[in-house]
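These notes are about the structure you will find just below.
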There are 2 protein chains.
Amino acid sequence: MDKKIATIQDVAAQAGVSTATVSRTLSKPSVVAKATREAVLAAVDRTGYRVNATASNLRRQRTGSVIALVPNLANPFFSQILAGINSVLHPVGYGLLIADTQAGPNLEDRLSAYLQSSMADGLILFDGTLSPEALKNPGRPPVVLACEWMDDDLPSVCTENARGAALAVGHLFDMGHRQIGHITGPQGNVLSETRLTGYRDALAERGLAARPDWVFDGDFSMDSGAAAAQKWLRLERRPTALFCSSDEMAIGFMGAVQHRGIRVPEDVSLVGFDNIEVVEHLTPALTTIRQRRTQIGEQAARLLLDMIEAGTLSGPSQTVEVELICRDSVARISD
Amino acid sequence: MDKKIATIQDVAAQAGVSTATVSRTLSKPSVVAKATREAVLAAVDRTGYRVNATASNLRRQRTGSVIALVPNLANPFFSQILAGINSVLHPVGYGLLIADTQAGPNLEDRLSAYLQSSMADGLILFDGTLSPEALKNPGRPPVVLACEWMDDDLPSVCTENARGAALAVGHLFDMGHRQIGHITGPQGNVLSETRLTGYRDALAERGLAARPDWVFDGDFSMDSGAAAAQKWLRLERRPTALFCSSDEMAIGFMGAVQHRGIRVPEDVSLVGFDNIEVVEHLTPALTTIRQRRTQIGEQAARLLLDMIEAGTLSGPSQTVEVELICRDSVARISD
DNA sequence: GAAATTGTTGTAAACGATTGCGGTTTTTTT
DNA sequence: AAAAAAACCGCAATCGTTTACAACAATTTC
């Protein structure tokens with residue numbers, strides 16, 4: 001039947017009113033009289049009309065979508081956060097655009113392109129390696145930092161990383177461990193560094209020394225966990241426990257040492273970070289710091305929406321709780 | 001300085017040309033004279049102008065983005081596919097919108113809303129439980145089915161599920177197994193069913209009977225794998241090997257049985273499906289069917305782009321290869 | 001050297017909605 | 001019953017581009 005897709009004009013003609021009335025019926029029904037409203041709605045129904053988002057957005061000077069900038073989309077860690085974001089964005093008519101910061105080369109350029117090009121009404125940033133300065137264009141849309149806490153000027157939603165680290169080494173200490181190592185996240189990443197200093201502080205607080213050869217460089221990936229395992233194996237004096245800055249690294253480490261016949265937790269205890277879904281199905285199930293990823297996404301999205309509506313560039317930074325989940329990867333040491 | 005964001009008018013004024021020329025300089029530089037072109041580009045630079053995507057899209061009758069409809073965004077399986085999609089979309093100026101089919105209730109309605117509302121130039125669909133009819137609106141944008149092969153009219157990109165199943169049970173058979181079970185994916189899902197019949201056919205081909213109590217209902221999740229393990233444990237006569245329709249279910253199964261002191265692969269052999277990243281770090285590392293997720297995304301995106309450009313609603317369905325990855329979760333049986 | 005061709009630019013009409021402003025009614029107030 | 005207020009609706013401008021068409025200049029062809 002209808003080859004062409006109906007426009008607001010068609011509806012107006014059908015209903016015998018002006019386009020203004022049609023528009024109002026759809027956005028603010030209360031201001032149009034009942035009779036006309038019904039006529040319009042009937043016409044909408046008949047024509048199968050749907051408002052053209054592009055035209056509407058142009059007129060209203062907005063885009064109706066927000067961009068989530070994630071480093072490495074393929075990392076499953078983010079998908080749950082994205083789900084959280086989407087769950088608050090979708091009901092209020094916003095779309096979620098995703099972009100991978102890893103994809104191209106000239107990141108800072110692309111970032112400022114995103115900021116300026118009016119492709120989105122706001123931006124949620126997950127990449128902790130960006131310089132905050134790049135984000136401070138005048139006339140930019142609101143930005144929310146998620147998972148990172150780079151800058152005091154920019155609002156952010158962030159897990160209590162330092163506290164997580166403290167919980168982890170505290171638990172290891174309580175279980176009798178005195179030789180506690182650490183696998184870090186990528187260098188230059190704020191998360192990594194907060195967790196690292198959290199680890200150091202927690203040790204110091206308990207009168208323990210942080211041996212530099214007991215902290216292994218990682219990058220959150222399983223492979224880097226496995227690489228740390230190789231270094232650990234070569235150590236003349238090995239820490240009896242490791243706090244890993246991500247579950248994935250803990251998995252990589254565990255896989256690598258088990259492969260060599262080393263038992264977890266009897267020979268080495270592990271605590272991860274994130275509580276990704278898989279870790280409770282491992283053998284042994286991994287003790288870890290839980291980070292509510294959906295909640296991070298939800299809070300970030302809500303914060304951003306508030307900023308968009310209020311037209312402000314700043315907002316209240318928020319924090320999401322962490323929690324120690326005890327499973328089977330930490331042994332009690334008695335001596 | 002510049003409070004307001006520059007429009008094409010500003011650039012035109014600065015460069016002393018018309019807006020038409022500015023537009024042309026940016027889109028088809030070859031048709032404008034060198035001198036003017038340089039003047040325009042200089043003005044663009046000076047003003048920091050970026051084309052307003054919304055206005056451009058409105059005029060050009062497109063949206064510049066495609067929607068990926070995924071069931072359950074939180075599932076890490078999809079994130080890699082999305083990365084693949086994004087990697088082809090982004091370079092050519094398309095944005096990727098993601099939507100969760102699980103989120104709301106009236107799915108079919110929302111779907112047709114997506115299709116009509118001109119929010120996207122095309123759609124990539126991952127949800128195998130939708131009725132194909134809903135997709136056949138007249139005047140709809142092109143649709144590509146990914147991971148699923150629901151319908152002959154709709155182009156799709158799909159892994160060789162049946163062949164994957166055949167490879168899996170073939171390998172188990174070759175290793176001496178004669179009692180081979182299966183954990184299925186969710187019912188009503190085309191993937192699950194193709195793999196299930198692939199499994200049955202492979203058994204039949206080798207003269208093996210498919211015992212109904214050896215196929216366990218699952219839904220791709222780890223928990224459902226663990227649940228299958230409980231049933232398996234209660235069996236009076238247990239299959240010596242299981243082909244799992246997803247790696248996650250294999251992980252759940254493995255974790256659960258190991259928890260009971262049962263050894264993999266000595267007591268039960270497992271083959272998964274997908275080759276998600278984690279499985280090679282498990283102990284034992286999981287033998288599985290590799291499915292190139294990034295490639296699925298890339299092919300689907302390219303196919304869709306072709307359709308969008310050609311303005312057609314159909315295209316060549318494609319297939320992506322599977323491959324058996326042998327690791328340590330299958331034991332050789334000699335008897 | 002006139003005619004035809006090619007190259008370069010400007011004019012102005014779209015694209016499809018939203019909304020300030022003002023004009024009619026209708027209702028309420030006095 | 002006249003005046004004031006409220007409710008309802010239409011006109012037309014506007015959002016920022018793109019692009020057919022026409023105009024004009026420069027070049028080529030005969």
Side-chain angles (χ1 to χ4, degrees), chain A residues 2 4-41 43-44 47-65 93 116-121 139 141 311, chain B residues 2 4-41 43-44 47-65 93 113 116-121 139 141:
Chain A
D2 297 327
K4 310 227 10 101
I5 185 168
T7 78
I8 201 174
Q9 317 268 3
D10 304 332
V11 180
Q14 280 260 340
V17 298
S18 74
T19 63
T21 303
V22 176
S23 177
R24 280 190 282 254
T25 316
L26 265 24
S27 50
K28 285 185 302 181
S30 62
V31 306
V32 344
K34 185 150 172 261
T36 26
R37 194 193 316 151
E38 281 165 358
V40 170
L41 291 179
V44 165
T47 54
Y49 170 73
R50 312 214 93 113
V51 349
N52 178 315
T54 312
S56 169
N57 288 336
L58 173 60
R59 175 60 224 247
R60 291 164 57 199
Q61 299 278 70
R62 57 159 232 163
T63 69
S65 52
Q116 304 226 346
S117 70
S118 65
M119 290 185 48
D121 299 326
Chain B
D2 298 326
K4 310 234 2 112
I5 186 167
T7 78
I8 201 174
Q9 316 268 5
D10 303 331
V11 180
Q14 279 261 339
V17 298
S18 75
T19 63
T21 303
V22 176
S23 178
R24 278 190 284 255
T25 314
L26 265 23
S27 53
K28 284 186 301 181
S30 63
V31 305
V32 344
K34 185 151 172 257
T36 24
R37 193 192 320 150
E38 282 165 357
V40 170
L41 291 180
V44 166
T47 54
Y49 170 72
R50 314 214 92 112
V51 352
N52 179 315
T54 312
S56 170
N57 289 336
L58 173 59
R59 175 59 224 244
R60 291 162 59 199
Q61 298 281 68
R62 57 159 232 163
T63 71
S65 51
Q116 304 225 349
S117 71
S118 66
M119 291 186 47
D121 300 325

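Chain identifiers are assigned alphabetically (A, B, ...) following the order of the sequence lines, protein sequences preceding nucleic acid strands; residue numbering begins at 1 within each chain.
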Using a cutoff of under 3.5 Å, can you pull out all pairs of nitrogen or oxygen atoms linking the protein to nucleotides 22-24 of chain D, with atom names and distances?
none

Side chains of B:Val17 and B:Val40: closer than 4.5 Å at any heavy-atom pair?
-> yes

For B:Thr7, answer base if it contacts any base atom (sugar-phosphate contacts may also be present), sugar-phosphate if it contacts only those atoms, and nothing otherwise; contact means non-hydrogen atoms under 4.0 Å.
-> sugar-phosphate

Rounded to whole Å, CG of B:Asp121 lies from C1' of C:dC15 at a distance of 14 Å

Closest to the 5' end of DNA chain D, once B:Ser27 and B:Leu58 are matched to their nearest nucleotides, is B:Leu58

Distance in angstrom units between B:Arg59 CZ and C:dG16 C1', rounded = 12 Å

Flag side-chain contact, heavy atom, 4.5 Å: A:Thr54 against B:Thr54 | yes

So side chain to side chain donor-acceptor pair (under 3.5 Å) across residues 13-33 of chain B, not counting sequence neighbours, yields B:Gln14-B:Arg46, B:Ser18-B:Thr21

Rounded to the nearest 0.5 angstrom, the CE-CG distance for A:Met119 and B:Asn52 is 11.0 Å

For A:Asp10, all residues meeting side-chain hydrogen bond (donor to acceptor under 3.5 Å, both in side chains), sequence neighbours excluded = none

Could you check how far CG of B:Asp10 sits from P of D:dC15, rounded to whole Å?
-> 11 Å

Establish, with yes or no, whether the OP1 or OP2 oxygen of D:dG16 is under 4.0 angstrom from a side-chain nitrogen or oxygen of A:Gln61.
-> yes

B:Arg59: partners by side-chain hydrogen bond (donor to acceptor under 3.5 Å, both in side chains), with sequence neighbours left out = none

Hey, which sits more toward the 5' end of DNA chain C by its nearest nucleotide, A:Leu26 or B:Arg60?
-> B:Arg60

For C:dA17, does OP1 or OP2 lie under 4.0 Å from any side-chain N or O of A:Tyr49?
-> yes

Write down the protein N/O and nucleotide N/O pairs, taken from nucleotides 6-9 of chain D, whose separation is under 3.5 Å; answer none if there are no such pairs.
unit_1 : atom_1 : unit_2  : atom_2 : d
D:dC9  : OP1    : A:Thr36 : OG1    : 2.5
D:dC9  : OP2    : A:Ala33 : N      : 2.9
D:dC9  : OP2    : A:Thr36 : OG1    : 3.1

For atom CD1 of B:Ile8 and atom P of D:dT17, their distance in whole Å = 5 Å

Heavy-atom closest contact (B:Tyr49 atom, B:Leu26 atom, distance) | CE2-CD2, 3.6 Å

A:Ala20 side chain: which of D:dC11, C:dA12, C:dA17 is closest?
-> D:dC11

Would you say the side-chain atoms of A:Thr63 and A:Asp121 include a donor-acceptor pair closer than 3.5 Å?
-> yes

Closest non-hydrogen atom pair between B:Ala43 and B:Ala15, with its separation = CB-CB, 3.8 Å

Taking protein heavy atoms under 4.0 Å as touching, what does nucleotides 23-28 of chain C look like 5' to 3' if B marks base contact, S marks sugar-phosphate-only contact and - marks none?
-> ------

